Protein chains: 2
Amino acid sequence: MHANELQEAVERLKESGVRITPQRHAVLEFLIHAETHPTADDIYKALEGKFPNMSVATVYNNLRVFREIGLVKELTYGDASSRFDYNTTKHYHVICESCGKIVDFHYPSLDEVEALAEKVTGFEISHHRMEIYGKCPDCKTTH
Amino acid sequence: MHANELQEAVERLKESGVRITPQRHAVLEFLIHAETHPTADDIYKALEGKFPNMSVATVYNNLRVFREIGLVKELTYGDASSRFDYNTTKHYHVICESCGKIVDFHYPSLDEVEALAEKVTGFEISHHRMEIYGKCPDCKTTH
DNA sequence: TATTATATTATAATCCTTATAATCTTAGTG
DNA sequence: CACTAAGATTATAAGGATTATAATATAATA
């Protein structure tokens, strides 16, 4: 399913003059297949079996490259570390305040909000982010 | 103008069994009067004239106390450090991607989004956050 | 004023992320 | 297919924000 996505992503990297190294490919593949929204350390740990000598810096470097190209979004919540999300379709995140679970939530983009903000503030708006917080079904029942 | 707000905040602290120390009072007062959205270090620097011996830890400790009581909101953007916002009325933030300026933006709370998220995900939604990004008027002209 | 729990201070420690320099590798070119 | 130069990786150190610790000081209450 994700085969096309991976191939397309590799194409975009090549077009941007970014070299395809095994480590870079693995980080990208992991992000595309990830059901979760991993931290840099999550990725590092997940790949250390395949690449015992890979440096944490490599993970960070590649995440930065992916972000700059727009393949990946960096999410900064209250926690200590950033989370990284492969950019597929537009969606928001619903986050459980008890266990930290993150669920995708599709909703028509709030163009109206952006338009009003532009009018009121005089900013030239490029994008917005939104997160919704609450308690997931599991955490609701267990207490 | 902010006198009442400060007094009410102090009341809420007392009710929660939190002691009113000079440092704590000063941090709270600074937050209430702040037009900006300061970092912990901003607050520390702003008060070092009045409290030459105050520790950075004190600022962080007090911000945590305020946050736990709900007097203050902690904002985590992409930057290195958190920003702290005294909780007044509901509003969103518009952030300049060039110079980092943050402007308040009032908009009717997106209850509809929360309601839909609740229905679709089964979460019990408590709140949401949203930020809007763009280029401020100053940065638009200077290019 | 005496007491006790709580706050502050100073410092060290921790965690996440980035910088550096040396080594290695990719992706072209001849 | 070997050569080359720009770019990537590694290992390590350094940086910055935040938290933990232990000793000292102070607010609130009786």
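None of the values given here were measured: they were computed from a predicted structure. The sequence lines fix the lettering, A, B, ..., with proteins before strands; numbering per chain opens at 1.
The interatomic distance linking B:Ile20 (CD1) with D:dT29 (C1') rounds to 15 Å, in whole Å. Spacing between atom NZ of B:Lys14 and atom C1' of D:dT29 amounts to 13 Å, rounded to whole angstrom units. Nucleotide D:dG7 holds its P atom 15 Å from the CG atom of A:Leu13, rounded to whole Å. We find that CG of B:Leu75 is positioned 12 Å from P of D:dT18, with the value rounded to whole Å.
Using a 4.0 Å cut-off on heavy atoms, the residues of residues 46-69 of chain B that approach DNA chain C are B:Asn53, B:Met54, B:Ser55, B:Ala57, B:Thr58, B:Asn62, listed by number.
In plain terms, the two heavy atoms of B:Met54 and B:Val59 that are nearest each other are CE-CG2, 3.9 Å. For the pair B:Gly134 and A:Phe123, the tightest heavy-atom approach, listed with the atom from each and the gap, is C-CD2, 4.1 Å. Between A:His128 and B:Met130, the shortest heavy-atom contact is CD2-SD, 4.2 Å.
By the 4.5 Å heavy-atom criterion applied to side chains, A:Lys101 and A:Ile95 are not counted as neighbours. You'll find the side chain of A:Thr36 stays beyond 4.5 Å of the side chain of A:Asp42, heavy atoms only.
Using modelled atom types and a 3.5 Å distance limit, the side chains of B:Arg67 and B:Ser82 yield no donor-acceptor pair. Side-chain N/O atoms of B:His25 and B:Asn62 include no donor and acceptor closer than 3.5 Å.
Nucleotides of DNA chain C that come within less than 4.0 Å of any heavy atom of chain B span, from the 5' end to the 3' end, C:dA5 to C:dA10.
Going from atom CG of A:Leu71 over to atom CG of A:Leu28 covers 6.5 Å, rounded to the nearest 0.5 Å. Atom CG of A:Leu75 is separated from atom CZ of A:Arg129 by 6.5 Å, given to the nearest 0.5 angstrom.
Using bins of under 30°, 30° to 60° and over 60° for the plane-to-plane angle, the ring pair A:Tyr92/A:Phe105 lands in the tilted bin.
Fit an axis to the five pairs at each end of the helix from C:dT1-D:dA30 to C:dG30-D:dC1 and the two axes sit 30° apart, to the nearest 10 degrees.
In this structure, A:Thr21 reaches the D:dT9 phosphate: one of its side-chain N or O atoms is under 4.0 Å from OP1 or OP2. The side chain of A:Gln23 places an N or O atom within less than 4.0 Å of a non-bridging phosphate oxygen (OP1 or OP2) of D:dT10.
One cannot find a donor-acceptor pair under 3.5 Å joining the base of D:dA8 and the side-chain atoms of A:Arg24.
Of the possible polar contacts, none joining the A:Arg83 side chain to the A:Pro38 backbone as a donor-acceptor pair under 3.5 Å is found.
Along DNA chain D, the nucleotide nearest to A:Arg19 and the one nearest to B:Ala40 differ in position, and the one closer to the 5' end is contacted by A:Arg19.
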